[in-house]
Amino acid sequence: MQQRSWKCKWRRALPAAALALCALAQPALAADARFVLVSHAPDSDAWWNTIKNAIKQAGEDFNVQVDYRNPPNGDLADMARLIEQAAARNYDGVIASIADYDVLKRPLGQVVAKKIPLITINSGTIKQSESLGALLHVGQPEYDAGFDSGKQAKAAGIKSFLCVNHYATNPASFERCKGFADAIGADVRKSTLDAGDDPTGIESKVSAYLRNNPGTQALLTLGPTSASPAIKAVKKMGLAGKLYFATFDLSEDISKAIKDGTIKFAIDQQPYLQGYIPVAALAIMKRDKTTDPAKVEAALKANPKFQARLREYGLVPLYKGRHINSGPGFVTKDNIAKVEKYAGQFR
């Protein structure tokens, strides 16, 4: 235990002002563990701010330190190097998105080889997660989310669509497009636009596609990065409310578009859970010396701080045995008021 200075030791002899300074000088409670979350997101992707907020709160609730690392430009080779660095620094646990299984297999293997607990989140499949040796995967099955949203479109008579892919470097993005395409019976290759992540470029490309393909019935965007400029394009072309528009994820622009009828629904993968649950699970595993999924799940359900967060933000994790699904959920005009308060922050 750290020795206090003599000034703090003899507290009764100190004036009030000195006592206040003394309190500030006390050593902070040491974190019980140090984890790192490595994402594939570039600095420009604001969607990940929710996950950053989640890991901060989970760190506070479970008294652990959580570092966030990402490739500034979204380069997956840089992400691989960040994971290698995490393995070398001997963290107590590593959390990572499987943005590209082939690129990340080797560095994530280094993490597991050093017996550092690994949890995967967000992109990638459960099969990939298990093959990497991860203890848990927290995310939304992308194909299923796309298919479920496509089923709603099919029920509305939709047979053609454009999938606006702003992160085509991530193979998982195509699962969202493919699920939607399969549900309505469309050709996913002919229906997918590699839009890049520049807002002006996305707006221009979407506008050009819709002008050249006037029979397009629906639009699917894969997140705020592509949704915001697509909203502008649709409104400028006078198609708001006429084109069947669905999107993944939430943002202020998306919430407004749902309320004004431009967007039918948003597919919510509850990203907060993808940040909070892995940190909480790693902390529980270390504290209780267990990797048993049932015990981890029971501890999560019994934790009052976690349950209070769920109630406050209106979140519902889906426990699937060994793994935990964060979504999908659908946000429409009927329930937007319940979630928009925290959109971009905790939703």
Side-chain angles (χ1 to χ4, degrees), residues 47 98-99 101 122-128 137 139-195 202 205-206 209-210 212-227 230-231 233-234 239-251 254 257-258 261-271 274 316 318 320 323-336 339:
W47 182 85
I98 314 174
Y101 179 81
N122 188 256
S123 53
T125 66
I126 287 175
K127 182 179 179 180
Q128 290 173 337
H137 183 75
Q140 172 179 265
E142 304 294 7
Y143 178 86
D144 293 349
F147 191 85
D148 287 350
S149 58
K151 284 197 300 184
Q152 295 193 38
K154 183 179 181 180
I158 300 301
K159 297 180 180 179
S160 64
F161 83 118
L162 172 65
C163 183
V164 186
N165 192 338
H166 67 270
Y167 66 121
T169 53
N170 187 336
S173 66
F174 292 97
E175 291 296 302
R176 294 179 169 184
C177 300
K178 189 176 188 317
F180 195 100
D182 287 352
I184 66 171
D187 185 329
V188 67
R189 291 189 178 183
K190 294 180 179 178
S191 306
T192 301
L193 175 68
D194 182 354
I202 293 171
K205 290 176 182 178
V206 169
Y209 184 95
L210 294 177
N212 294 329
N213 299 272
T216 304
Q217 296 176 297
L219 190 66
L220 177 68
T221 54
L222 303 188
T225 298
S226 51
I231 291 168
V234 167
L239 295 174
K242 300 176 183 178
L243 192 70
Y244 193 100
F245 192 160
T247 187
F248 279 79
D249 306 327
L250 289 167
S251 70
I254 291 172
I258 291 173
T262 300
I263 290 179
K264 293 285 186 183
F265 60 81
I267 304 151
D268 181 20
Q269 63 175 299
Q270 302 180 119
Q274 296 177 20
V316 181
L318 305 173
K320 298 291 183 178
H323 306 287
I324 301 174
N325 288 354
S326 64
F330 294 94
V331 181
T332 67
K333 274 187 176 182
D334 293 335
N335 63 357
I336 184 64
V339 298

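Computed from a predicted model, the values in this text were never measured in an experiment.
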Note to self: Quick one, F245 and L239 - any side-chain contact, counting heavy atoms below 4.5 Å?
What the structure shows: no

Note to self: I need the L250 CG to Q269 CD distance, nearest 0.5 Å.
What the structure shows: 10.0 Å

Next item on the list: Please report the shortest heavy-atom distance between A153 and F180, naming the atom on each side.
Entry: CB-CZ, 3.6 Å

Check: Considering all heavy atoms of both residues, which atom of A181 and which atom of V188 are nearest to each other, and what is their separation?
Finding: CB-CB, 3.7 Å

Note to self: So, taking the atom named CD1 in I263 and the one named OG1 in T332, what distance separates them when rounded to the nearest 0.5 Å?
What the structure shows: 12.5 Å

Check: Are C163 and F174 close enough that some pair of their side-chain heavy atoms sits under 4.5 Å apart?
Finding: no

Next item on the list: Provide the closest heavy-atom pair for L220 versus R176 in the form atom of the first, atom of the second, distance.
Entry: CD2-O, 4.1 Å

Notebook entry, point to check: Does the side chain of Y209 come within less than 4.5 Å of K205's, by heavy atoms?
Noted result: no

Margin query: Would you compute the distance between atom CD1 of I184 and atom OG of S149 and round it to the nearest 0.5 angstrom?
Written below: 9.5 Å

Item checked: Side-chain donor/acceptor of N335 to backbone N/O of F330, under 3.5 Å -> yes

Notebook entry, point to check: Is there a donor-acceptor pair closer than 3.5 Å between any side-chain N or O of N165 and the backbone N or O of Y167?
Noted result: yes

Check: Can you tell if the side chain of Y101 reaches within under 4.5 Å of the side chain of T125, non-hydrogen atoms only?
Finding: no

Notebook entry, point to check: Is there a side-chain contact between I258 and K333, using heavy atoms and a 4.5 Å cut-off?
Noted result: yes

Checklist line | Considering all heavy atoms, the nearest T221-S226 contact | finding: CB-OG, 3.5 Å

Item checked: Gap between atom CD1 of I202 and atom OG1 of T225 - 0.5 Å precision -> 6.5 Å

Next item on the list: For residues L219 and Y244, determine if any side-chain heavy atom of one lies less than 4.5 Å from a side-chain heavy atom of the other.
Entry: no

Item checked: Approximate separation, where rounding is to 0.5 Å, of T247 OG1 and K264 NZ -> 15.0 Å

Item checked: Closest approach of I254 to D249 (non-hydrogen atoms, all atoms of both residues) -> CD1-O, 3.4 Å

Check: Is H323 reaching over with its side chain to a backbone N or O of H137, donor-acceptor style, under 3.5 angstrom?
Finding: yes

Checklist line | Side chain Q274, main chain G139, donor-acceptor under 3.5 Å | finding: no

Checklist line | Rounded distance (nearest 0.5 Å) linking atom OG of S123 with atom CG of N170 | finding: 4.5 Å

Notebook entry, point to check: Does some side-chain heavy atom of P328 sit less than 4.5 Å from a side-chain heavy atom of D144?
Noted result: no

Next item on the list: Work out which heavy atom in G124 is nearest to a heavy atom in A172; give both atom names and the distance.
Entry: N-CB, 4.1 Å

Check: Side chain of S191, backbone of L162: donor and acceptor closer than 3.5 Å?
Finding: no

Next item on the list: Without swapping roles, check the side chain of Q270 against the backbone of V316 for a donor-acceptor pair under 3.5 Å.
Entry: yes

